[in-house]
Peer 1: 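This is the structure I want to talk about, given as structure tokens.
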Number of protein chains: 2
Amino acid sequence: MDDARGRLAAAAVEAFADNGFHATTTRDIASRAGMSPAALYVHHRSKEGLLFALSRDGHLAALDVVTEAAARHDDPTARLQAMIHDFTQWHAEHSKTARIVQYELAALTPDHLAEVARHRRAIERTVREVLEEGVARGEFEVADVPGTALAMLSLAVDLVRWYEPGGSRSPQQLADLYAGLALRMARPL
Amino acid sequence: MDDARGRLAAAAVEAFADNGFHATTTRDIASRAGMSPAALYVHHRSKEGLLFALSRDGHLAALDVVTEAAARHDDPTARLQAMIHDFTQWHAEHSKTARIVQYELAALTPDHLAEVARHRRAIERTVREVLEEGVARGEFEVADVPGTALAMLSLAVDLVRWYEPGGSRSPQQLADLYAGLALRMARPL
DNA sequence: CAGGTCATCCTAAGCGCTTGCTTAGCACCT
DNA sequence: AGGTGCTAAGCAAGCGCTTAGGATGACCTG
């Protein structure tokens, strides 16, 4: 049929997000993709290699969302608001991929973990920088910039623990809510 | 020797927190406790039964921390501050148990999940109620009370994803930081 | 106080099953 | 004629859990 590699990746996202990496079998992934278990090893070196491909792509997508949002605005208030808004919305709209990104780091090999850790630090740095600039310009009042940046990201990250598509809150509503809370965390007292 | 059941529980907390439920073997737990694999089944029906015992005790401890903090204060501002402070501090000081409480729900049987879910709802309800009372008294200005309550709890919950004892922030510092951020989320604009 | 009884707590051994992954080979397209 | 993408079959290892029985100490009995 269509792209078999893509079907395999989509099946793995579902399986890993629903059951976790360790509770997911290669037979489960393969059967969701309509293939034999051996087909997985045509496209990936191992089950962990497949996880890494998903995790890396997910990290790059999340980083892209944040940097794009930051690039759209000049003043720190609008920039922070857009960053947390879009980061939250991405986590809700891609909650299965995001769950793999945020909760399956421990299953990666040291080499693979080192690569995705670089992307994670880039995301944190982007949030820290907008807070620092806002403080410098007097738009924000934040005593602990790294800690507050971590807290803002925690809102979106923790969403994937409980979020279900079709629940009472849409991705847009959550994005608006968390972007507003982030601004309240940074606003001068 | 000493309490063998307690040693088994302590070993399981370490193993489940470090490697996750599914990646932990009964042989690993038993050897950490200095026992044979079969000893686990003297004290628990199954590996999942052991997880449930840890999860239930952890949930009750966390719920107790929140209700105790709430009971110590009358006005909503002080009460909210104490609740988020103590809830955060508990998650940092008991980060291994908290990791099991927050991240291993999917490994529980439906019956066991139903019981811990009751305790989780009790915690959420306590936070929602203090927000509602604060809004009623004019101390808080919160548009989405359930969503904001969820966000405040998310801060402490997400901490267990990255917290390591002996890191740059102490449990007290984190508790102060997150309690302050929670107040900023609720304070009138 | 000596000897027997019983419950408690644990272990050695291993059963049946599932796991991630490999191998050999087939079908199809160019 | 050869490369590509897949499968059927199965291997070695590790899994959760069971079974049968040994060691220990508390407690009766004569």
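Below, read A as the first sequence line, B as the second, and so on, with proteins coming before strands; counting in each chain starts at 1.
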Peer 1: Where does the angle between the aromatic ring planes of A:Phe16 and A:Phe21 fall among parallel (under 30°), tilted (30 to 60°) and perpendicular (over 60°)?
Peer 2: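 The arrangement is tilted - the two ring planes meet at 30° to 60°.
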
Peer 1: Select one nucleotide: of D:dC6, C:dC9, D:dT18, the one nearest the side-chain heavy atoms of B:Tyr41.
Peer 2: D:dT18

Peer 1: Which atom names give the shortest non-hydrogen contact between B:Ser36 and B:Ala30, and what distance separates them?
Peer 2: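 Nearest pair, atom of B:Ser36 first, then B:Ala30: O-CB, 3.5 Å.
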
Peer 1: With the side chain of A:Ala38 defined as its heavy atoms from C-beta on, choose the nearest nucleotide among D:dT19, C:dC10, D:dT7.
Peer 2: D:dT7

Peer 1: Ignoring the backbone of B:Val42, work out which of C:dC9, D:dC17, C:dA12 is nearest its side chain.
Peer 2: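 It is C:dC9.
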
Peer 1: Rounded to whole angstroms, how far apart are NZ on A:Lys47 and P on C:dG20?
Peer 2: 4 Å

Peer 1: So if I take residues 14-33 of chain A and measure heavy-atom distances to DNA chain C, which residues fall below 4.0 Å?
Peer 2: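 Residues of residues 14-33 of chain A that come under 4.0 Å of DNA chain C are, in numerical order, A:Thr24, A:Thr25, A:Thr26, A:Arg27.
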
Peer 1: Side chains of A:His91 and A:Gln102: donor-acceptor distance under 3.5 Å anywhere?
Peer 2: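 Distance-only check passes for A:His91 and A:Gln102.
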
Peer 1: Measure from the side-chain heavy atoms of A:Ala4 and tell me the nearest of C:dT11, C:dC21, D:dC6.
Peer 2: D:dC6

Peer 1: Honestly curious: do A:Val145 and A:Phe140 fall in one hydrophobic cluster under the side-chain, below-4.5 Å linking rule?
Peer 2: yes

Peer 1: Flag the pair A:Arg99 and A:Glu104 as a salt bridge only when some basic side-chain nitrogen lies within less than 4.0 angstrom of an acidic carboxylate oxygen.
Peer 2: no

Peer 1: Whole Å only: how far is the CG atom of A:Leu40 from the P atom of D:dA8?
Peer 2: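 After rounding, the reported distance stands at 16 Å.
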
Peer 1: Flag the pair A:Leu80 / A:Met152 as yes when at least one side-chain heavy-atom distance between them is below 4.5 Å, and no otherwise.
Peer 2: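 A side-chain contact exists here, since the closest heavy-atom pair is under 4.5 Å.
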
Peer 1: Should the ring pair A:His112 and A:Phe52 be called parallel, tilted or perpendicular, given that the plane angle runs from 0 to 90° and is split at 30 and 60?
Peer 2: parallel

Peer 1: Side chain of A:Glu48, backbone of A:Thr109: donor and acceptor closer than 3.5 Å?
Peer 2: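 Such a contact is found between A:Glu48 side chain and A:Thr109 backbone.
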
Peer 1: Just the rounded figure in Å: distance from P of D:dC6 to CZ of A:Arg5.
Peer 2: 11 Å

Peer 1: What is the bend of the helix from C:dC1-D:dG30 to C:dT30-D:dA1 when you compare the axis at one end with the axis at the other, using five pairs each and rounding to 10°?
Peer 2: 10°

Peer 1: Specify the separation, in whole Å, of atom NE2 of B:His43 and atom C1' of D:dC17.
Peer 2: 16 Å

Peer 1: Would you call A:Glu141 and A:Arg187 a salt bridge, using N to O less than 4.0 angstrom?
Peer 2: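 A:Arg187 and A:Glu141: not salt-bridged.
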
Peer 1: Let me spell it out: for each of A:Ala39 and B:Glu48, pick the nucleotide of DNA chain D with the closest heavy atom. Which residue's pick is nearer the 5' end?
Peer 2: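 Nearest-nucleotide comparison on DNA chain D picks A:Ala39.
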
Peer 1: Within this structure, what is the CG-to-P distance between A:Leu8 and D:dC6, rounded to whole angstrom?
Peer 2: 9 Å

